[in-house]
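Some notes on the structure that comes next.
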Amino acid sequence: MAMDPRDRLIVALDVSSVEAAQAMVARLGDAVTFYKIGYQLAFAGGMTYAHSLIDAGKQVFVDLKLHDIGNTVAQGVKSVARLGASFLTVHAFPQTMKAAVDAREGNLRILAVTVLTSYNDADLAAAGYDFTVAELVAERAAQARDIGVDGLVCSAEEAAKVRGIVGASFALVTPGIRPAGTDAGDQKRIATPAAAIAAGADYLVVGRPIIAAADPKAAAAAIVSEIAAAKKR
Ligand code: C5P
């Protein structure tokens with residue numbers, strides 16, 4: 001069954017308090033069905049708030065990029081699953097991915113982060129890796145596929161290449177989305193909603209172009225229309 005285009009839009013609730021999150025969710029109303037909670041809100045009461053969002057019928061993506069010893073990852077994954085979240089990110093290290101996949105339950109799907117988008121080849125060398133970013137992304141995508149992870153976070157630029165490695169059933173979740181004419185901010189590799197869908201993205205993560213817009217609800221609705229009209233690869 002085809003997905004409702006609204007459910008492909010994930011709004012990043014990058015705000016510093018539960019009150020600010022509640023106000024934004026109220027403004028967005030039924031234009032948005034899926035929210036991402038990261039460090040900023042999670043460490044300011046956001047996990048309890050995630051529970052209310054889920055009770056209100058919204059889907060929640062917990063973007064805490066877990067990476068620890070297997071047992072600690074597994075217990076963390078179980079707690080996030082019990083919360084009723086839909087997506088959780090982990091770093092794409094084989095032990096971490098395996099622990100997360102084995103521990104997931106309920107609705108929870110595990111997304112792997114291959115290489116942080118702020119890293120370049122020199123940053124990898126400084127961290128002791130003998131791989132370029134492109135090589136490491138490909139290697140980790142193949143490992144994620146073999147371990148049975150549910151999806152990957154990747155830029156629109158990488159989506160087509162990654163899709164070739166992981167196959168059709170993987171959820172590709174793409175940040176760095178900027179509708180034509182909006183400010184790029186600190187994002188370097190950006191794509192319009194239509195271009196990201198055309199490149200093979202299943203879900204688009206959008207923060208500032210919606211939450212910093214003069215009319216967030218209209219901005220979200222415009223992105224959903226663009227998703228609906230876009231041709232999926
Ligand atoms: O405001 P903006 O649309 O740039 O927000 C994008 C969101 O996606 C932020 O929450 C950011 O942390 C997240 N993200 C990203 N790039 C990644 C992974 C996550 O921009 N590679």
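Just so you know, ligand 1 is whichever comes first in the structure, and atom 1 is the first atom listed for that ligand.
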Notebook entry, point to check: Testing Thr72, Asn71, Val77 for side chain to side chain contact (heavy atoms under 4.5 Å, CB included) with Gln75, which one passes?
Noted result: Asn71
Margin query: If the cut-off is 4.0 Å to any non-hydrogen atom of Thr117, which atoms of ligand 1 fall inside it?
Written below: 16 (N), 17 (C), 21 (N)
Check: How far is atom 12 (O) of ligand 1 from its nearest protein heavy atom, and which residue and atom name does that atom have?
Finding: Lys36 NZ, 4.0 Å
Checklist line | Nearest heavy-atom neighbours spanning Thr114 and Arg140 | finding: O-NH1, 2.8 Å
Next item on the list: Identify, by atom number and element, the atoms of ligand 1 in contact range of Arg208, meaning under 4.0 Å from any of its heavy atoms.
Entry: 1 (O), 2 (P), 3 (O), 4 (O)
Notebook entry, point to check: Is the number of heavy atoms from other residues, nucleotides or ligands within 6.0 Å of NZ (Lys98) greater than 12?
Noted result: no
Notebook entry, point to check: Among protein heavy atoms, which lies nearest atom 17 (C) of ligand 1, and at what distance?
Noted result: Pro175 CG, 3.5 Å
Item checked: For atom 20 (O) of ligand 1, closest protein heavy-atom neighbour -> Gln187 NE2, 2.8 Å
Notebook entry, point to check: Looking at Ala196 and Thr174, what are the two nearest heavy atoms and their distance?
Noted result: CB-CG2, 4.4 Å
Notebook entry, point to check: Parallel, tilted or perpendicular for Phe43 and Tyr39, by the 30°/60° rule?
Noted result: parallel
Note to self: Checking a contact table here: which protein heavy atom is nearest atom 7 (C) of ligand 1, and how many Å away?
What the structure shows: Val205 CG1, 3.8 Å
Margin query: Please find the pair of heavy atoms, one from Phe34 and one from Asp7, that lie closest to each other, and give the distance.
Written below: CD1-O, 3.7 Å
Check: Purely on distance, is any nitrogen or oxygen of Lys65 under 3.5 Å from one on ligand 1?
Finding: no
Notebook entry, point to check: Among all protein non-hydrogen atoms, which one is nearest to atom 9 (C) of ligand 1, and what is the separation to 0.1 Å?
Noted result: Asp14 OD2, 3.3 Å
Next item on the list: Starting from atom 2 (P) of ligand 1, locate the nearest protein heavy atom and write down its residue, its atom name and how far away it is, to 0.1 Å.
Entry: Arg178 NH2, 3.5 Å
Note to self: Parallel, tilted or perpendicular: which one describes the rings of Phe87 and Tyr203, with boundaries at 30° and 60°?
What the structure shows: perpendicular
Item checked: Gln95 atom CD, over 12 foreign heavy atoms within 6.0 Å -> no
Checklist line | Heavy-atom nearest neighbour in the protein, as seen from atom 3 (O) of ligand 1, with distance rounded to 0.1 Å | finding: Gly207 N, 2.8 Å
Margin query: With a 4.0 Å cut-off on heavy atoms, is Pro209 in contact with ligand 1?
Written below: yes
